[in-house]
Peer 1: 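Mind looking over this structure? Questions follow.
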Amino acid sequence: MITPGDLVQAICNRLRLVFPGDAALYESLTPVNFLRPSNLVDCEGVTARQIGGDGVEFTFSIKITSFAKVDERHQTHLPLLYARMMTIFGIFMSGYLTVGDRAPKCAGVTGDVGWDFAEVCVSVQVILSRSEFLPTETLPLLERLTIKLEEALEK
């Protein structure tokens, strides 16, 4: 099973590779007076859709907020934010994200830039088996079997 936490961790690992000089990497929340440059990764939601057989298609919405250094007026250089946004886009251009032994599909990526941050939202899809969510049922062993056979009479 893949959880939102697994996806957030996989994305954080990739962000550490593409932004090795960043001051911090945050998951879910940023503290007061957080460090810059940094990134924040959060799972915004999960949807599930039944598909044929035993399958369930899950779509995870992950938001990555990237922060650049600001000046004394709390402004940043917009081209730098666009560059950070496009670098994050590059993480998902292979079309999948490696999560353990699975490779969920990156179904879509969108981005936007504010005055002091860039946001990238990615939809990650994975098909899981319904059985991964159900408790396994243990039945008692068959210890004794009695069979009664009757022959049919032909008339």
Side-chain angles (χ1 to χ4, degrees), residues 1-140:
M1 175 186 326
I2 293 178
T3 66
D6 297 333
L7 290 170
V8 167
Q9 274 304 114
I11 292 170
C12 285
N13 292 341
R14 294 297 306 271
L15 287 170
R16 283 184 190 95
L17 293 174
V18 297
F19 295 112
D22 275 8
L25 180 59
Y26 302 104
E27 294 178 31
S28 300
L29 297 170
T30 56
V32 175
N33 299 322
F34 63 92
L35 301 173
R36 291 170 180 261
S38 60
N39 290 293
L40 166 66
V41 183
D42 187 29
C43 180
E44 296 279 297
V46 181
T47 59
R49 182 176 67 91
Q50 303 293 325
I51 57 175
D54 190 33
V56 180
E57 180 185 69
F58 283 86
T59 302
F60 298 87
S61 299
I62 309 288
K63 181 167 71 172
I64 302 150
T65 308
S66 189
F67 303 98
K69 287 189 176 187
V70 293
D71 63 16
E72 58 278 349
R73 291 184 307 259
H74 200 79
Q75 294 178 346
T76 192
H77 190 57
L78 288 177
L80 175 60
L81 289 174
Y82 281 113
R84 289 181 71 87
M85 181 183 74
M86 295 309 291
T87 300
I88 296 169
F89 264 71
I91 292 173
F92 307 107
M93 289 300 104
S94 65
Y96 68 93
L97 182 66
T98 303
V99 181
D101 62 345
R102 305 286 301 267
K105 172 183 167 186
C106 296
V109 184
T110 61
D112 197 10
V113 170
W115 288 109
D116 68 336
F117 65 92
E119 282 185 346
V120 174
C121 297
V122 60
S123 294
V124 180
Q125 292 179 331
V126 63
I127 296 174
L128 300 174
S129 171
R130 220 176 261 110
S131 63
E132 294 182 57
F133 298 90
L134 302 175
T136 56
E137 183 179 359
T138 305
L139 299 174

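Heads up: numbering here begins at 1 and tracks the sequence.
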Peer 1: Determine the minimum heavy-atom distance between S38 and L35, stating which atoms define it.
Peer 2: OG-O, 2.6 Å
Peer 1: Of the non-hydrogen atoms in L81 and G114, which two are nearest, and what is the gap between them?
Peer 2: CD1-O, 3.5 Å
Peer 1: If every non-hydrogen atom of I127 is compared with every non-hydrogen atom of G55, which pair is closest and at what distance?
Peer 2: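 Taking I127 first and G55 second, the nearest heavy atoms are CG2-CA, 4.4 Å.
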Peer 1: Starting at CZ of R36, measure out to CZ of F117 and round the result to the nearest 0.5 Å.
Peer 2: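 With rounding to 0.5 Å, CZ (R36) is 9.5 Å from CZ (F117).
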Peer 1: Quick check: does any side chain N or O of D71 sit under 3.5 Å from a backbone N or O of R73, one acting as donor and the other as acceptor?
Peer 2: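 Indeed, once roles are kept as given, a pair shorter than 3.5 Å links the two residues.
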Peer 1: Looking only at heavy atoms, what is the nearest atom pair of V46 and P4, with distance?
Peer 2: CG2-CG, 4.0 Å
Peer 1: For M1, does its backbone N or O pair with a side-chain atom of E132 as donor and acceptor, under 3.5 Å?
Peer 2: yes
Peer 1: If we ignore angles and hydrogens, is there a donor and acceptor under 3.5 Å between the side chains of D54 and S129?
Peer 2: yes
Peer 1: Report yes if some heavy atom in the side chain of V56 is under 4.5 Å from a heavy atom in the side chain of Q50; otherwise report no.
Peer 2: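 Yes, close enough: below the 4.5 Å cut-off.
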Peer 1: Could you tell me if the side chain of F60 sits less than 4.5 Å from the side chain of V126, heavy atoms only?
Peer 2: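 The answer is yes; the side chains approach within 4.5 Å.
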Peer 1: Determine whether F67 and D22 make a side-chain contact, defined as any pair of heavy atoms from C-beta on separated by less than 4.5 Å.
Peer 2: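 A side-chain contact is absent here, since even the closest heavy-atom pair is not under 4.5 Å.
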Peer 1: Heavy atoms, side chains only, cut-off 4.5 Å: are P31 and Y26 in contact?
Peer 2: yes
Peer 1: Within this structure, what is the CD1-CG distance for the pair I64 and L40, rounded to the nearest 0.5 Å?
Peer 2: 9.5 Å
Peer 1: Look up atom OG1 in T87 and atom CZ in F19, then write down how far apart they are to the nearest 0.5 Å.
Peer 2: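 Answer rounded to 0.5 Å: 4.5 Å.
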Peer 1: Is there a donor in the side chain of N39 and an acceptor in the side chain of S66, or the other way round, less than 3.5 Å apart?
Peer 2: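 Judged by distance alone, the side chains do pair up.
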Peer 1: Less than 4.5 Å apart, any side-chain heavy atom of C12 and any of E27?
Peer 2: yes
Peer 1: Could you check whether any side-chain N or O of R130 sits under 3.5 Å from a backbone N or O of G53, counting only pairs where one atom can act as donor and the other as acceptor?
Peer 2: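 A pair under 3.5 Å: yes.
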Peer 1: Minimum heavy-atom separation for G111 and F89, please, with both atom names.
Peer 2: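 The answer is N-CZ, 3.6 Å.
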Peer 1: Give, for atom OG1 of T59 and atom CZ of R49, the distance between the pair rounded to the nearest 0.5 Å.
Peer 2: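 That separation rounds to 7.5 Å.
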Peer 1: Got F92 and I11 here, is their nearest side-chain heavy-atom distance under 4.5 Å?
Peer 2: yes
Peer 1: Calculate, to the nearest 0.5 Å, the distance between atoms CD1 and CZ belonging to I88 and R14 respectively.
Peer 2: 12.0 Å
Peer 1: Hey, could you give me the CG/CG distance between L78 and D116, rounded to the nearest 0.5 Å?
Peer 2: 10.0 Å
Peer 1: Backbone N or O of K69 within a donor-acceptor pair of the T76 side chain at under 3.5 Å?
Peer 2: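 The answer is yes, because a donor-acceptor pair under 3.5 Å joins these two groups.
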Peer 1: Are there over 12 heavy-atom neighbours, none belonging to F34, within less than 6.0 Å of that residue's CZ?
Peer 2: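 Atom CZ in F34 is packed in, count exceeds 12.
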Peer 1: Would you mind reporting whether R102 and L128 have side-chain heavy atoms less than 4.5 Å apart?
Peer 2: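 In short, these two side chains touch, coming nearer than 4.5 Å.
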